[in-house]
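Bear in mind that the values here come from a model prediction, so they are computed numbers and not experimental data. Each ligand, and each atom within it, is numbered from 1 in the order the structure gives. Below, all heavy atoms of this structure are taken into account, side chains as well, without hydrogens, waters or symmetry copies.
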Amino acid sequence: MHSNMNVVITGHVDHGKSTVIGRLMADTGSLPNGKLEQVKASCARNSKPFEYAFLLDALKDEQNQGITIDSARIFFKSEKRHYIIIDVPGHIEFLKNMVTGAARAEAAFLCIDAHEGVQENSRRHGYLLSMLGVRQMCVLVNKMDLVDYEKKVFKSVVRKYSRFLRNINVYNVPFIPVSGIKGDNIVSSSENMPWWKGGTVLTLIDKFKEENPPDNLPFRMFVQDVFKFTAMGDKRRIIAGTVSTGKLERGDELVFYPSAKRSRVSGIEHFGENKPQEVKSGMAVGFTVTEQIYVKRGHLAVRTNEKPPQTGNVMRVNLFWLGREAFEKNKEYILKLGTERVRVKLFDTLKVIDASSLHPDGMKKMVERHDVADCVLTTQRPIAFDTVDSFPITSRFVIVDGYEIAGGGIIREVIRDNQAKYRDKVIDRNLRWDMGSITRERRKELYGHGPSLLMVGGPEDPRKSEFAKALEQSFFNRGKKVYYLGVRNVLAGLDSDMRIKRHNLYPENREEMIRRFAELVNILLDAGIIVIATVSDLSYDEREIFRTSVSPIEVHTIWVGTAEESDIEAEYIIEDASEAKNHLARVLSHLNQLGVGI
Ligand code: GDP
């Protein structure tokens with residue numbers, strides 16, 4: 001059986017990409033029967049000279065009409081394997097393709113017109129390829145016929161462009177002098193360039209190594225959807241997605257990041273095939289799990305016994321910007337990684353360089369079109385991913401500005417923010433958690449609602465807990481499982497070993513107090529209860545500890561009293577604590593809208 005290799009072809013416009021592809025197909029005998037003659041005849045009829053580039057257009061037309069079975073893919077073949085050309089008309093398509101994984105390039109051709117020489121886009125494409133980790137590159141110095149097949153013209157392109165590649169740490173890239181139009185050195189050796197002993201494009205590409213097949217990598221699948229069966233009595237959920245890398249079998253234990261909730265695969269469905277025993281990379285699958293844990297779109301499924309991914313909301317990335325408007329701080333964008341979609345901001349630029357000139361601008365604080373940047377991003381909530389040095393495929397992302405993809409890149413490392421140590425603890429806790437026999441779903445059915453966390457914050461004031469208790473009463477009256485938990489109660493028991501600050505009710509180590517409080521709340525939530533927790537002077541960072549601890553359950557915050565000195569954006573603010581009781585109905589309806597108690 002022939003193996004396949006995905007190849008992308010890039011280069012400045014008009015440097016000959018389509019011509020080279022047309023030639024490769026024609027000269028390797030890969031065209032459909034009669035295609036060449038058909039296109040030639042059509043040119044003759046319209047009295048225009050035949051071009052190899054037209055072959056590609058003709059094939060694409062057919063594909064658009066759905067005539068060819070395998071659309072969006074253009075093949076040529078050698079004795080060794082089949083090559084699939086990934087058609088990427090522009091930068092954005094290229095980024096999209098690499099990131100969404102529709103077809104990932106294992107190798108790349110970069111066309112440079114010998115006559116015109118290295119252009120800005122020649123450099124940008126080279127940069128993009130290297131950034132996205134396409135290491136097997138070959139530069140085709142095309143249109144050698146226009147420069148009388150002169151060795152020194154070829155050498156000059158080689159010199160110039162390899163200097164550029166060296167600057168971006170890409171070495172050992174082969175160059176080859178060709179003429180797409182005349183067919184020199186494409187499939188057969190050129191008689192016009194006796195000085196060239198380096199073989200043809202075909203011999204060269206046949207030497208490329210196939211990447212470690214993604215099946216051999218650890219299992220990674222971004223959850224795309226969770227389907228519920230609605231048929232009577234069928235309680236199953238199907239977790240669906242496309243496998244990025246690795247394999248999965250029935251009975252495997254999975255961990256879903258960033259929450260690190262565990263469950264075992266009880267059945268596999270492959271769309272199009274009946275119950276396969278095993279699924280591999282690239283397959284769209286759905287599987288059922290033994291424990292109905294809370295899993296959402298964007299979560300990353302990983303096998304327990306394989307290398308875990310990273311989680312975090314602050315990351316150092318390499319990014320390539322293509323948006324008309326610059327990428328700047330204080331503006332919100334959307335980051336897409338796998339099926340994850342999350343709000344993101346540019347936190348800091350460490351280095352911004354022009355992708356073509358490689359001219360660095362250390363002071364630049366925004367990333368303009370065609371710049372590449374080494375920068376730090378912050379996402380609104382923690383997400384799961386890999387870093388490029390472990391698994392490039394699950395490290396690639398794009399950034400959407402408004403409705404358009406405006407940039408993309410790779411994650412280089414996670415930066416540990418002040419939540420990182422709590423996240424680690426929570427992941428560790430979830431991995432070790434011994435689940436009871438009652439699932440979340442079954443509790444929900446019995447209680448008629450799921451768990452929720454309402455935090456009532458505000459300055460020290462007894463009216464805050466009065467309000468929280470009134471809320472508890474209202475939920476209880478409506479038959480909900482609800483529990484009021486004030487910070488005092490935690491201090492009285494769970495925290496009784498902690499040293500209390502003099503002149504203050506709170507322990508010296510307030511952070512640890514909050515952590516324990518959050519862990520306790522997490523258990524109550526796991527028991528399916530609506531928890532109403534009060535803490536005076538709750539800060540943003542403290543609420544984040546709660547968020548981390550109870551993730552992926554959301555935290556709703558109600559503020560009672562002046563919010564002036566608070567760094568929290570509460571969802572509901574009652575500035576005048578004496579008015580709190582009058583807000584009860586409105587708060588309840590607000591919470592109802594958010595799905596609390598439903
Ligand atoms: P693309 O935009 O990179 O896909 O470039 P095309 O393949 O469409 O080629 C652009 C133009 O350059 C066309 O008019 C081709 O005929 C011409 N061209 C492509 N390859 C060669 C070549 O090797 N020699 C000469 N003389 N012209 C070429």
Side-chain angles (χ1 to χ4, degrees), residues 7-28 30-31 35-36 39-40 42-44 46-61 63-64 72-76 83-94 97 105 107-126 128-129 137-151 153-154 156-158 161 175-193 195-196 198-202 204-205 356:
V7 186
V8 65
I9 183 157
T10 63
H12 194 73
V13 64
D14 279 347
H15 279 197
K17 297 178 292 290
S18 322
T19 307
V20 168
I21 299 174
R23 252 304 168 182
L24 274 167
M25 288 191 298
D27 294 4
T28 53
S30 312
L31 285 168
K35 188 90 248 159
L36 188 61
V39 175
K40 279 186 172 163
S42 147
C43 285
N46 299 309
S47 347
K48 64 176 181 185
F50 167 77
E51 289 231 7
Y52 278 91
F54 297 157
L55 284 168
L56 206 62
D57 297 337
L59 288 174
K60 270 194 226 159
D61 280 350
Q63 284 175 351
N64 289 342
R73 290 174 158 215
I74 295 158
F75 294 88
F76 67 90
Y83 291 94
I84 298 155
I85 300 268
I86 307 175
D87 194 23
V88 283
H91 291 110
I92 298 269
E93 287 79 4
F94 181 52
N97 191 298
F109 289 137
L110 204 137
C111 278
I112 299 180
D113 183 327
H115 188 61
E116 240 184 69
V118 177
Q119 298 293 306
E120 279 194 333
N121 269 344
S122 326
R123 290 190 281 251
R124 286 184 191 130
H125 288 152
L128 207 55
L129 288 168
M137 224 190 282
C138 165
V139 180
L140 310 183
V141 182
N142 188 30
K143 308 198 188 179
M144 285 302 292
D145 55 305
L146 291 185
V147 296
D148 297 331
Y149 299 104
E150 283 222 33
K151 185 176 174 179
V153 181
F154 172 70
S156 140
V157 174
V158 173
Y161 199 68
F175 286 69
I176 180 161
V178 302
S179 164
I181 280 216
K182 311 275 184 202
D184 296 283
N185 291 337
I186 302 281
V187 173
S188 43
S189 286
S190 167
E191 285 171 9
N192 297 313
M193 291 177 270
W195 49 269
W196 178 251
T200 67
V201 174
L202 202 64
L204 211 138
I205 190 173
S356 164

Among all protein non-hydrogen atoms, which one is nearest to [atom], and what is the separation to 0.1 Å?
| atom | answer |
| --- | --- |
| atom 4 (O) of ligand 1 | S18 OG, 2.5 Å |
| atom 2 (O) of ligand 1 | D14 N, 2.8 Å |
| atom 14 (O) of ligand 1 | E51 OE2, 3.3 Å |
| atom 27 (N) of ligand 1 | I181 CD1, 3.4 Å |
| atom 25 (C) of ligand 1 | D145 OD2, 3.5 Å |

Can you figure out which of [options] has its heavy atom closest to [atom]?
| atom | options | answer |
| --- | --- | --- |
| atom 12 (O) of ligand 1 | H15, K143, M144 | K143 |
| atom 7 (O) of ligand 1 | I9, V13, T19 | T19 |
| atom 20 (N) of ligand 1 | V20, V147, N142 | N142 |

Are any of the N or O atoms of [X] closer than 3.5 Å to those of ligand 1?
| X | result |
| --- | --- |
| G16 | yes |
| K182 | no |
| G180 | yes |

Next item on the list: List the steps, then state whether side-chain contact (heavy atoms from CB on, under 4.5 Å) holds for T200 with V187.
Entry: CA-CA 6 Å; T200 67; V187 173; 5.8 Å; no

Note to self: For P177, is there any backbone N or O sitting under 3.5 Å from a side-chain donor or acceptor partner on N185?
What the structure shows: yes

Next item on the list: May I ask you to list the atoms of ligand 1 that are less than 4.0 angstrom from any heavy atom of K17?
Entry: 1 (P), 2 (O), 3 (O), 4 (O), 5 (O), 7 (O)

Next item on the list: May I ask you to list the atoms of ligand 1 that are less than 4.0 angstrom from any heavy atom of L146?
Entry: 26 (N)

Checklist line | Side chains of K151 and V153 in contact at under 4.5 Å (non-hydrogen atoms) | finding: no

Note to self: Within the 4.5 Å heavy-atom criterion, are L56 and M25 side-chain neighbours or not?
What the structure shows: yes

Check: So is K182 actually on top of Y149's ring, under 6.0 Å and inside 45° of the axis?
Finding: no

Checklist line | For Y83, all residues meeting ring-ring contact (aromatic ring centres under 6.0 Å, His included), sequence neighbours excluded | finding: F76

Next item on the list: For F154, check ring-ring contact (aromatic ring centres under 6.0 Å, His included) against everything at least two apart and list the hits.
Entry: W195, W196

Checklist line | Ring geometry between H12 and H15 (parallel below 30°, tilted from 30 to 60°, perpendicular above 60°) | finding: tilted

Checklist line | Non-hydrogen atoms of V157 and F175 that approach each other most closely | finding: O-CE2, 4.3 Å

